[in-house]
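Positions are given from 1, in the same order as the sequence printed here. As a basis for the values below, the full set of heavy atoms in this structure was taken, side chains included, without hydrogen atoms, waters or symmetry mates.
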Amino acid sequence: MQTGDNAPTPQRIGVPREVFPGEKRVATVPDVVAKLVKLGFAVVVEQGAGDLADLSDAAFLEAGATIAPNAAALWSGSDIVFKVRAPTPDEVALMHEGQTLIGFLWPAQNPDLMQQLAAKKVTALSIDALPRTLSRAQKMDALTSMAGVSGYRAVVEAANAFGRFFNGQITAAGKVPPAKVFIAGAGVAGLAAIGAAASLGAIVRANDTRAEVADQVVSLGGEFVKVDYEEEGSGGGGYAKVMSEGFQAAQREMYAQQAKECDIIITTALIPGKPAPRLITAEMVKSMKPGSVIVDMAAEQGGNCELTEPGKAVVQHGVTIVGYTDLASRMARQSSTLYGTNLFRLTEELCKTKDGVINVNMADDAIRGLTVIKDGEITWPAPPLPAAAAKPAAKPVAATEKKSAHGHGSSGPLPAKTLAIVFGLGALAFWAIGAYAPAAFLGHFTVFVLACFIGYMVVWNVTPALHTPLMSVTNAISSIIVIGALVQILPPEAGTNGRPDALIQWMAFAGIVLTAINMFGGFAVTRRMLDMFRK
């Protein structure tokens, strides 16, 4: 459709029905279709593409899409194709020159597919090749989205196969102990599993080769189990690396101990482009209690458990081993929504002009990393990203203190010279007030001045990040002055008729109201601050 004399023709985005056995997801959802139409694209969806994800053709039509009667019509009439799984040879045969394909292509594992696509002279963007270290690429990170869903679903499958409560309970029939769950690998999927299992009340333990994830495990309610072997486990791109034989031996010993103690093991260890590492041996399975469960999330790449059968749930030595390869697909609607949103964010990057035409800009680090084939030429793997600029060296502490002493600091206590001037002026003011004020007033005024000074020194010598909770607590405590207001309202002596003036009573009443607000508000703010650090 031509929108003007010089306006480009909007491109058509095609969304075929997934043909991979057992795949229920679809590459977009009606809510995302409406957003793509606003970007200027025409969207066509194959008939029945969303049926298995509970997304009807009528919903896609209402969102602005058109429905293609079959796969041949969709592929032939689309400029861009959104897919979940890599295309089959039959689907590749339906492609035409100049077409753009976006989906999970896994170029390292599918070299033959790369050659077939290149022969068709198409452009292919593999969503799994996104440089995950780029902060702006997070919104397009479909691997993270799908891993989060899979981690959650792994706990659901474990609970279904376990046949017992996750949380401990005390009932009239007796005490039920909480389930013990061990999660091998604390990446995105592992953290999602930790959060889900902990929320169900289980005792959760986790391990990862990357020591820096220990705090994340604890924050989600788990216990980090450390391997008794010192070695750095962080690899490139946010993944773990292959560890030394010494570390792996110590790790196996730790896993063997956890297998004896825990009821459920969920394994997530996987390094892209490599077979899944074997973490759970047959001997470990034999040592587990009858009725225990293993959920092997790496089953599609061979499995972390020696006895895993990909795609099946089997019972070995009294232990149920779940090797499903479609965990994300088992929550098809949720997965499709997240994946469709990731592709929409990618489309925004490809179509910044919002005219319905994409531009695969190879100068963009994120787009270059995704692009595995450009106009029939294989461009994978992408060149390494430029190293991040070195952080400026920290200033020496002594130099900083010296600068602050000369009055150039931006925070903290006042410089010494300024403080001396303030104290001098304060002393003169105090002397002037004392020369003419009543003796009783002078005593109270002295306490007031000293309290202000101590409060100032206490607050400004505390880390600025703690000022808000500190002030909220001190406000609550200082509201003890409400007692003084009560004294002014009540008679000075029991059994006498002497009462303060009406003006003083009203001022005291106002003081009680304001200090009550201060008191309860201080405690409320403190509680909210503390809740930020609770599970």
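Here the side chain of Asn304 pairs no donor or acceptor atom with the backbone of Ile280 at under 3.5 angstrom. Arg333 places a side-chain N or O within 3.5 Å of a backbone atom of Asp54 that can act as its donor or acceptor partner. Checking side-chain atoms of Thr325 against main-chain N and O of Gly311 turns up no donor-acceptor pair under 3.5 Å. Put simply, the side chain of Ser150 never gets that close to the backbone of Ala147: no donor and acceptor are under 3.5 Å apart. The main-chain N or O of Ser78 is found under 3.5 Å from a side-chain atom of His96 such that the two form a donor-acceptor pair. In this structure, the side chain of Thr379 engages the main chain of Thr371 through a donor-acceptor pair within 3.5 Å. Under a 3.5 Å cut-off, the side chain of Asp79 and the backbone N or O of Gln99 do not form any donor-acceptor pair. At distances below 3.5 Å, at least one donor-acceptor pair connects side-chain atoms of Asn207 with backbone N or O atoms of Val225. Using a distance-only test at 3.5 Å, with no hydrogens or angles considered, no donor-acceptor pair links the side chain of Asn167 to the main chain of Ala202. Here the side chain of Arg25 pairs no donor or acceptor atom with the backbone of Val84 at under 3.5 angstrom.
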> Given the rule in the side chain to side chain donor-acceptor pair (under 3.5 Å) test, do Asp296 and Thr267 qualify, once you have shown the distances and angles that lead to the verdict?
Replying inline: CA-CA 5 Å; Asp296 192 341; Thr267 65; 3.1 Å; yes
>> The test is side chain to side chain contact (heavy atoms under 4.5 Å, CB included); show your working for Asp364 and Arg136 and say whether it passes.
In response: CA-CA 11 Å; Asp364 185 312; Arg136 71 181 186 87; 2.2 Å; yes
>> Could you go through Ile127 and Leu370, starting from their C-alpha distance and side-chain angles, then the distance that decides it, and tell me whether this counts as side chain to side chain contact (heavy atoms under 4.5 Å, CB included)?
In response: CA-CA 6 Å; Ile127 198 71; Leu370 286 167; 4.2 Å; yes
> Please walk me through it: do Leu36 and Ile13 pass side chain to side chain contact (heavy atoms under 4.5 Å, CB included)?
Replying inline: CA-CA 9 Å; Leu36 291 170; Ile13 296 176; 4.1 Å; yes
> Would Glu348 and Lys352 count as a salt bridge (Lys or Arg N to Asp or Glu O under 4.0 Å) if you check the C-alpha gap in whole Å, the side-chain angles of each, and the deciding distance to 0.1 Å?
Replying inline: CA-CA 6 Å; Glu348 284 185 316; Lys352 295 184 177 180; over 6 Å; no
> So Thr144 and Arg132, side chain to side chain donor-acceptor pair (under 3.5 Å) or not? Walk me through it.
Replying inline: CA-CA 9 Å; Thr144 294; Arg132 303 174 79 184; 2.7 Å; yes
>> Evaluate Ile294 against Thr308 for side chain to side chain contact (heavy atoms under 4.5 Å, CB included), listing each step before the verdict.
In response: CA-CA 9 Å; Ile294 296 174; Thr308 295; 5.5 Å; no
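Atom CD of Gln138 sits about 11.5 Å away from atom CG of Asn342, to the nearest 0.5 Å. Interatomic distance, Ser335 OG to Asp326 CG, rounded to the nearest 0.5 Å: 10.0 Å. Annotation: the span from Thr100 atom OG1 to Ile80 atom CD1 amounts to 6.0 Å, rounded to 0.5 Å. To the nearest 0.5 Å, atoms CE (Met284) and CG (Leu307) are separated by 11.5 Å. Atom CG of Leu39 and atom CD of Gln11 lie 12.0 Å apart (nearest 0.5 Å). Annotation: the span from Tyr255 atom OH to Leu279 atom CG amounts to 4.5 Å, rounded to 0.5 Å.
Using a 4.0 Å cut-off between charged side-chain N and carboxylate O, Glu349 and Arg345 make no salt bridge. Comment: Glu18 engages Lys83 in a salt bridge, judged by a side-chain N to carboxylate O separation of less than 4.0 angstrom. A salt bridge links Arg205 with Glu261: the distance from a Lys NZ or Arg NE/NH1/NH2 to an Asp or Glu carboxylate oxygen falls below 4.0 Å. A salt bridge between Glu300 and Arg85 is present, with a side-chain N of the basic residue lying under 4.0 Å from a carboxylate O of the acidic one.
Here the closest heavy-atom approach between residue Trp106 and residue Leu143 is recorded as CH2-CD2, 3.6 Å. Smallest separation of non-hydrogen atoms from Met146 and Phe104: CG-CZ, 4.2 Å. Val155 and Phe166 make their closest contact through CG1-CE2, 4.0 Å (heavy atoms, listed as atom of the first residue, atom of the second, distance). A pairwise comparison of heavy atoms in Val29 and Leu55 identifies CG1-CD1, 3.5 Å as the closest pair. Scanning both residues, Ala198 and Val204, for their nearest heavy atoms gives N-CG2, 3.6 Å. Taking both residues in full, the closest heavy atoms of Ala186 and Asp208 are given as N-OD2, 2.6 Å, listed atom of the first, atom of the second, then distance.
Residue Lys289 qualifies as enclosed at atom NZ: its count of foreign heavy atoms under 6.0 Å is above 12. The environment of Lys121 atom NZ is sparse: at most 12 non-hydrogen atoms of other residues, nucleotides or ligands sit within 6.0 angstrom. Applying the 6.0 Å contact sphere to CZ of Phe224 captures more than 12 heavy atoms from other residues, nucleotides or ligands. Surrounding NZ of Lys354 are at most 12 heavy atoms belonging to other residues, nucleotides or ligands under 6.0 Å away. Residue-environment remark: NZ (Lys312) stays at or below the threshold of 12 foreign heavy atoms within 6.0 Å. Around OH of Tyr152, the count of heavy atoms belonging to other residues, nucleotides or ligands within 6.0 Å does not exceed 12. Environment of CD in Gln169: crowded, with over 12 heavy atoms of neighbouring residues, nucleotides or ligands closer than 6.0 Å.
Using a 4.5 Å cut-off on side-chain heavy atoms (C-beta onward), Leu350 and Leu346 make contact. Using a 4.5 Å heavy-atom cutoff, the side chains of Arg164 and Pro177 are in contact. Taking 4.5 Å as the limit, every side-chain heavy atom of Asn359 sits out of range of all side-chain heavy atoms of Cys351. Two residues are said to be in side-chain contact when any heavy atoms from C-beta on lie closer than 4.5 Å; Val15 and Glu46 fail this criterion. Between Ile67 and Phe60 there is a side-chain heavy-atom pair separated by less than 4.5 Å. No side-chain heavy atom of Met288 sits less than 4.5 Å from a side-chain heavy atom of Asp263. Counting heavy atoms from C-beta outward, Val285 and Cys305 have side chains that approach closer than 4.5 Å. Using a 4.5 Å heavy-atom threshold, the side chains of Leu105 and Pro87 count as touching.
Asp90 and Thr88 form no side-chain donor-acceptor contact under 3.5 Å, judged by distance and modelled atom types alone. Using modelled atom types and a 3.5 Å distance limit, the side chains of Thr123 and Asp375 yield a donor-acceptor pair. For the 3.5 Å distance criterion, the side chains of Ser329 and Glu23 qualify, holding a donor opposite an acceptor.
The aromatic ring centres of Phe41 and Phe344 sit 6.0 Å or more apart.
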